[in-house]
Trainee: 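Before anything else, here's the structure in question.
The analysis underlying the following values was restricted to heavy atoms, covering all of them including side chains, and did not include hydrogens, waters or symmetry mates. In this chain, residues are counted from 1 in sequence order. On a predicted model such as this, the values are computed, not experimentally measured, just so you know. When a ligand or atom number is given, it counts from 1 through the structure's own listing order.
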Amino acid sequence: MPKLTSLDDLLVHELQDIYHAERQMLRALPDMAKAAASPDLRKAIEGHRRETEGHVERLEQVFKILGTSPSAHPSRSGGMAALLQEAKAIMRGDAEPEVLDAALIAAAQKLAHYEIASYGCLCTYAEMLGYDQVHELLGQNLDEEETTDQKLTALAESVINQEAEDAEDLDAEEARREI
Ligand SMILES: [Fe+2]
Ligand SMILES: [Fe+2]
């Protein structure tokens with residue numbers, strides 16, 4: 001990692017990380033959508049994949065405004081790679097579909113929270129540096145991530161966690177019958 005000597009350096013460093021994180025997510029979200037049993041969850045993940053394309057485009061605009069490019073730095077976000085690894089392990093594992101959905105929501109919320117932390121910091125830096133247009137663009141990405149997070153919470157509470165509990169009740173009932 002090159003030496004960071006100013007808030008401008010840190011801004012660009014964090015932008016590189018979130019840019020590559022967004023691109024890594026773009027590749028992973030279709031598999032997560034496919035793995036979802038609940039049509040509502042699948043739709044939510046597919047919708048967020050489309051939003052993620054917009055996030056990448058806004059970040060490319062930001063790089064242009066700042067007169068820098070995303071490709072000059074490492075091509076992967078280590079933090080995001082670890083979270084996506086965890087999501088893949090969930091999809092590969094053996095789980096009841098309803099429980100898998102609950103686990104997918106948890107994984108998707110961890111991804112969103114990574115982004116919320118990044119965009120939150122980036123917005124603060126852009127504001128402190130007086131980069132109004134950059135602040136505006138990053139704020140739009142932050143807003144969409146926060147809305148996604150809320151949507152996922154609502155899905156978890158209303159449908160999927162309930163279904164997971166029902167599946168557990170059913171298993172318990174079957175186990176009782178076998179005794
Ligand atoms: Fe995003
Ligand atoms: Fe996201």
Side-chain angles (χ1 to χ4, degrees), residues 10-66 68-91 100-127 131-161:
L10 183 60
L11 176 77
V12 173
H13 173 76
E14 287 294 327
L15 278 171
Q16 299 285 352
D17 182 81
I18 195 66
Y19 177 76
H20 294 298
E22 292 278 19
R23 286 171 51 107
Q24 282 161 249
M25 250 180 304
L26 258 187
R27 290 194 292 271
L29 287 173
D31 285 342
M32 288 176 74
K34 247 185 263 160
S38 149
D40 286 346
L41 177 57
R42 197 174 317 135
K43 243 188 273 164
I45 298 174
E46 280 166 358
H48 192 56
R49 196 200 65 81
R50 283 190 293 277
E51 276 180 347
T52 302
E53 283 176 345
H55 296 179
V56 169
E57 280 166 23
R58 284 196 196 109
L59 286 169
E60 285 170 351
Q61 266 177 273
V62 165
F63 283 115
K64 214 179 251 177
I65 294 166
L66 295 173
T68 180
S69 109
S71 53
H73 289 261
S75 62
R76 186 178 108 100
S77 159
M80 183 51 70
L83 291 177
L84 289 174
Q85 209 52 45
E86 197 184 316
K88 274 181 204 154
I90 289 165
M91 289 188 280
L100 176 71
D101 277 359
L104 280 173
I105 289 182
Q109 284 193 290
K110 286 181 192 176
L111 304 181
H113 283 220
Y114 184 94
E115 291 181 80
I116 289 167
S118 291
Y119 285 121
C121 292
L122 283 164
C123 282
T124 304
Y125 306 155
E127 198 175 17
Y131 299 150
D132 296 344
Q133 216 186 333
V134 169
H135 182 233
E136 166 77 29
L137 288 162
L138 295 171
Q140 287 171 13
N141 282 9
L142 177 60
D143 284 351
E144 288 184 356
E145 289 304 334
E146 284 174 340
T147 305
T148 295
D149 184 43
Q150 284 155 13
K151 235 188 259 172
L152 289 168
T153 298
L155 266 176
E157 285 169 357
S158 70
V159 196
I160 293 157
N161 285 350

Trainee: Against T148, only a single residue in E115, Q109, H48 fulfils side-chain hydrogen bond (donor to acceptor under 3.5 Å, both in side chains); can you say which?
Mentor: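 When side-chain hydrogen bond (donor to acceptor under 3.5 Å, both in side chains) is applied between T148 and each of E115, Q109, H48, only H48 qualifies.
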Trainee: Does E22 come within less than 4.0 Å of R58, counting only side-chain N to carboxylate O?
Mentor: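 Salt bridge: no.
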Trainee: Using the side chain to side chain contact (heavy atoms under 4.5 Å, CB included) definition, which of the options L142, L11, V62 pairs with L122?
Mentor: L11
Trainee: Under 2.8 Å from the Fe ion (ligand 1), which protein atoms of type N, O or S occur, listed by chain and number?
Mentor: E22 OE1, E22 OE2, H55 ND1, E115 OE1, E145 OE2
Trainee: CZ/R23 to OG1/T52 distance, rounded to the nearest 0.5 angstrom?
Mentor: 13.0 Å
Trainee: Could you work out, with side-chain hydrogen bond (donor to acceptor under 3.5 Å, both in side chains) as the rule, every residue matching E53, not counting sequence neighbours?
Mentor: R49
Trainee: Would you confirm whether D149, through its side chain, and A112, through its main-chain N or O, come within 3.5 Å as a donor-acceptor pair?
Mentor: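 No.
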